[in-house]
Amino acid sequence: MPQQYTYPSAAFPGNPRIRLDVPDHWEPLIVPGVQIAVAQPRVEGRFRANVVVTVQRFAPGFGIAQAEAGLAQRKAELPELEELGTGQIEVGGRTWVASEYGYTQPGRPTVVQAARYAVIPRGESAVDVIELVGSCGADSADAEIEQLRAIQDSVAIEID
């Protein structure tokens, strides 16, 4: 008799439930492969600050060191990267790898990003990595980076 597997199950846990608190005037966005995407209302000629949350599943044994290495690799591929700071922080009782940096693509304005990664063990079958990235234009970063951090700090994660 063939085996059967279901989702969600112990072998394939369901995705974490994630909540963010965002300003009233921000808007939800639907982006393929993204669990949550929210942004400021569009203003012509201005970079639209946004926060994007993704969940990636890995095999057991994937840990914070691998998440840090993945972040370093991702940043190494960014053009004209300016590192603002990287380290580990505690938010909501979880350890996050946090990094803030700016980069400039040719012909486009400089973008400042605040990226955070948390590793969530899912029993013996899997590990979820939650990526929480806030982005804003460099010209408005002084005013917007604190708002992005506040949204990131509001994250609540529930797992079954």
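What's counted below: heavy atoms across the whole structure, side chains too, no hydrogens, waters or symmetry copies. For this chain, numbers begin at 1 and follow the sequence in order.
For the pair Ser125 (side chain) and Ala10 (backbone), a donor-acceptor distance under 3.5 Å is present. With hydrogens and angles disregarded, a donor-acceptor distance shorter than 3.5 Å links the side chain of Arg122 to the backbone of Gly14. Side chain of Gln152 to main chain of Leu132: a donor-acceptor pair is present (N/O by atom type, distance under 3.5 Å, no hydrogens or angles). Remark: the backbone N or O of Ala141 is not paired with any side-chain donor or acceptor of Glu144 at under 3.5 angstrom.
In this structure, CD1 in Ile18 is found 10.5 Å from CD in Glu158, a value given to the nearest 0.5 Å. Here the CG atom belonging to Asp128 is positioned 10.0 Å from the CD atom belonging to Gln56, to the nearest 0.5 angstrom. Interatomic distance, Ile145 CD1 to Cys136 SG, rounded to the nearest 0.5 Å: 5.0 Å.
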For this session: Start with the C-alpha distance between Glu80 and Arg108, add both sets of side-chain angles, then the distance that settles salt bridge (charged side-chain N to carboxylate O under 4.0 Å, His left out), and finish with yes or no.
Result: CA-CA 12 Å; Glu80 297 185 40; Arg108 304 187 98 177; over 6 Å; no
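Nearest heavy-atom pair across Asn50 and Ala39 is CB-CB, 3.8 Å. Taking each heavy atom of Phe62 and Val129 in turn, the nearest pair found is CE2-CG2, 3.4 Å. Taking both residues in full, the closest heavy atoms of Ser154 and Asp21 are given as OG-N, 2.8 Å, listed atom of the first, atom of the second, then distance. Residues Ser135 and Gln113 come closest through the heavy atom pair OG-NE2, 2.9 Å. Among all heavy-atom pairs drawn from Ile130 and Pro16, the shortest one is CD1-CG, 4.3 Å. Closest heavy-atom contact between Val31 and Ala37: CG2-CB, 3.9 Å.
Using a cutoff of 4.0 Å between basic side-chain nitrogens and carboxylate oxygens, Asp160 and Arg17 are scored as salt-bridged. Using a cutoff of 4.0 Å between basic side-chain nitrogens and carboxylate oxygens, Arg48 and Glu27 are scored as salt-bridged.
Put simply, Val97 and Leu81 are part of two different groups of oily side chains (I, L, V, M, F, W, Y) that touch within less than 4.5 Å, one to the next. In the hydrophobic clustering of this structure, Trp96 groups with Val55; members are Ile, Leu, Val, Met, Phe, Trp, Tyr whose side-chain heavy atoms approach within less than 4.5 Å, directly or through other members. Put simply, Ile120 and Val53 are part of the same group of oily side chains (I, L, V, M, F, W, Y) that touch within less than 4.5 Å, one to the next. Cluster membership check: Val34 does not share its hydrophobic cluster with Leu20, using side-chain heavy-atom separations under 4.5 Å among Ile, Leu, Val, Met, Phe, Trp and Tyr.
Contact of the Arg116 side chain with the Arg149 side chain is registered, since non-hydrogen atoms from C-beta on lie closer than 4.5 Å. Counting heavy atoms from C-beta on, the side chains of Lys75 and Thr86 come closer than 4.5 Å.
Residues Gln88 and Thr95 have side chains that never bring a donor and an acceptor to within less than 3.5 angstrom of each other. Between Tyr117 and Glu131, the side chains place a donor N or O and an acceptor N or O closer than 3.5 Å (distance only, hydrogens not considered). Tyr101 and Glu82 are not linked by any side-chain donor-acceptor pair at a separation below 3.5 angstrom, with hydrogens and angles left out of the test.
Among pairs with a residue in residues 7-52, those fulfilling ring-ring contact (aromatic ring centres under 6.0 Å, His included) read Tyr5-Phe12, at least two apart in sequence or across chains.
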